[in-house]
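I have placed the structure first, in the form of structure tokens, so that the comments after it can refer back to it.
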Amino acid sequence: MKALTVLAADEFKAPGLELFELPPIISGVTWFTKPVLLALLSSLVVVLFCWSAFGNPKLVPRGIQNVGEYGYMFVRDQVARPFLGKDADRWMGLLLSLFFMVWVWNLMGVIPFLQFPVASHIAFPIVLAGTVYLIKIYLGMKHQGPIGYFKNMMFPPGLPKGIYVLLAPIELLSNMIVAPFTHAVRLFANMFAGHIILAFFSAVGFWFLFEKLTPLGAPVGIVSVVMAIAMTGLELFIQFLQAFLFALLAAMYIGNSLHAEH
Amino acid sequence: MTIAAKLLAAEGSSPIMPHLYELVVGGFAFFAVLFVVGKILTPRIQKTLAERTEAIEGGIQKAQDAQAEAQALLAQYKEQLAEARHEASRLREEAREQGAQIKAELREEAQAEARRLIEAAHVQIEADRQQAFAQLRAELGRLSIDLAGRIVGESLEDEARQRRTVDRFLEELESSNAAVR
């Protein structure tokens, strides 16, 4: 503790977990923090965008409807149809909401001044992954029967009997615990790490170019700023990729529940 | 707030532990989006996309129909054209035949006419000859009698006998003539 206070005075300190500890925006209202504000803002953005795109759709699309349809087609052709086939259209509402929601949450990480990826607070991915998890179990029991669902999951047909001793517990663990956990944590960890990386390079650049400008330190600062810009580009890609992946996994889980594997 | 204090606060809560209020707000934020986007807007765009597919398919169908119609019309025209050509050639053939026939008929007629003219001319010539012959015979008789009278020195009293003699002579002459001819 003492060492930390000493260090803080004059030496560079890399940003860490404190990046994610944000005080309430209005003092006294403890729940109203920056991620909460951004989560609400994201919902507003998604709703407004989708409303202007799909609210009054035309047969011949114009302007923002083109953009929205591009997103819709992407989710339908890359996410829904490969896993859900003819059921794709019924689940497009959920998958489209998930995709846009996660993407806008992630984009909040690079929008100037906002600059905080909502999904880097694990509560938000948990809400989405938990919803998908509940839907998955409900659909599995509905379409395969309460016992059939677990039987199909743990004892996929066509394997030698001895294998089931190993396979059954692994499959149960994987489907019931690991899958929803990784579904949420994959998104959370990517956004968490991405935010730290961006903060780190920005902090190094700021430190060496503004706070302690020295002939030796300046090149480090410049490299750092360049890296921060490059990493922002990479982060944009990862943000999209994670949104895509999150919707993809949701579609996969739903598809597996609708039709028993194998 | 010093950095150390911030660090302490960070150590106080793990980033992997969700805040309850964030779960609540996140749930609200997501279900609001799910309701508006998933329940209200997605069916709208799906309906529009289905309508668009239908419209495009209808357009394609229409174009195919038009093309088929055009092709049928073209085939019909071609058939009509071939028919017209066939008809024209048939007419030409017919005309040629008729022409040939007319030519043959005309030639036949002309030949018949020529024959008829020649025939008439022959008849005329024969008549003329007969007439000339008759005249000549009368003249010859008179001249012969005249001459014979002069030679004999006296006119023969019985004219009827004279005439018979001349006629007999002439008939002999004529029969010898015919035998020669």
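First the proteins, then the strands, lettered A, B, ... as listed; each starts at 1.
- Counting non-hydrogen atoms of neighbouring residues, nucleotides and ligands closer than 6.0 angstrom, the CD atom of B/E69 reaches no more than 12 such neighbours.
- For the pair B/V33/A/F100, no side-chain contact is recorded, criterion being any heavy-atom separation below 4.5 Å from C-beta on.
- For A/T30, the part lying under 4.5 angstrom from a heavy atom of chain B is the backbone only.
- In this structure, chain B has no heavy atom under 4.5 Å from any part of A/F20.
- Residue contact with chain B, scored on non-hydrogen atoms closer than 4.5 Å, involves the backbone and the side chain of A/W51 alike.
- Taken from CZ in B/F31 to OG in A/S43, the straight-line distance is 11.5 Å, to the nearest 0.5 Å.
- Contact of A/I126 with chain B is made through the side chain alone, with heavy-atom distances under 4.5 Å.
- Between chain B and the options A/L96, A/L128, A/V185, the largest number of non-hydrogen pairs under 4.5 Å is found for A/L128.
- Contact annotation: the side chain of B/F28 approaches that of A/L40 to within less than 4.5 Å [non-hydrogen atoms, C-beta and beyond].
- Note that the CD atom of A/E69 and the OG1 atom of B/T48 stand 7.5 Å from one another [nearest 0.5 Å].
- Among the candidates A/P35, A/P61, A/A39, the residue making the largest number of heavy-atom pairs closer than 4.5 Å to chain B is A/P61.
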Side chain to side chain contact (heavy atoms under 4.5 Å, CB included) assessment of A/V127 paired with B/E22: CA-CA 9 Å; A/V127 169; B/E22 283 181 349; over 6 Å; no
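- Chain A forms the most heavy-atom pairs under 4.5 Å with one residue out of B/L20, B/V37, B/V24, and that residue is B/V37.
- Taking CZ from A/F54 and CG from B/L49, the interatomic distance works out to 8.0 Å, rounded to the nearest 0.5 Å.
- Using a 4.5 Å cut-off between heavy atoms, A/S42 makes no contact with chain B at all.
- At a 4.5 Å heavy-atom cutoff, the contact between A/M101 and chain B is made by side-chain atoms alone.
- The two atoms that bring B/P15 and A/I122 nearest to each other are O-CG2, 3.6 Å, heavy atoms only.
- At least one donor-acceptor pair under 3.5 Å links the side chain of B/Q46 to the backbone N or O of A/D89.
- Looking at A/F192, only its side chain comes within 4.5 Å of chain B, counting heavy atoms on both sides.
- Counting non-hydrogen atoms of neighbouring residues, nucleotides and ligands closer than 6.0 angstrom, the CD atom of B/E79 reaches no more than 12 such neighbours.
- Other residues, nucleotides and ligands place more than 12 heavy atoms under 6.0 Å from the CD atom of B/Q80.
- When heavy atoms are compared at a cutoff of 4.5 Å, B/F35 does not approach chain A at all.
- A/Y72 OH to B/L41 CG: the interatomic distance, rounded to the nearest 0.5 Å, is 11.5 Å.
- Proximity to chain A is limited to the side chain of B/I40, based on heavy atoms less than 4.5 angstrom apart.
- The contact between B/V36 and chain A is made entirely by side chain atoms (from C-beta outward), counting heavy-atom distances below 4.5 Å.
- Your options are A/G130, A/P125, A/A123, A/G68, and the one with the most heavy-atom pairs under 4.5 Å with chain B is A/A123.
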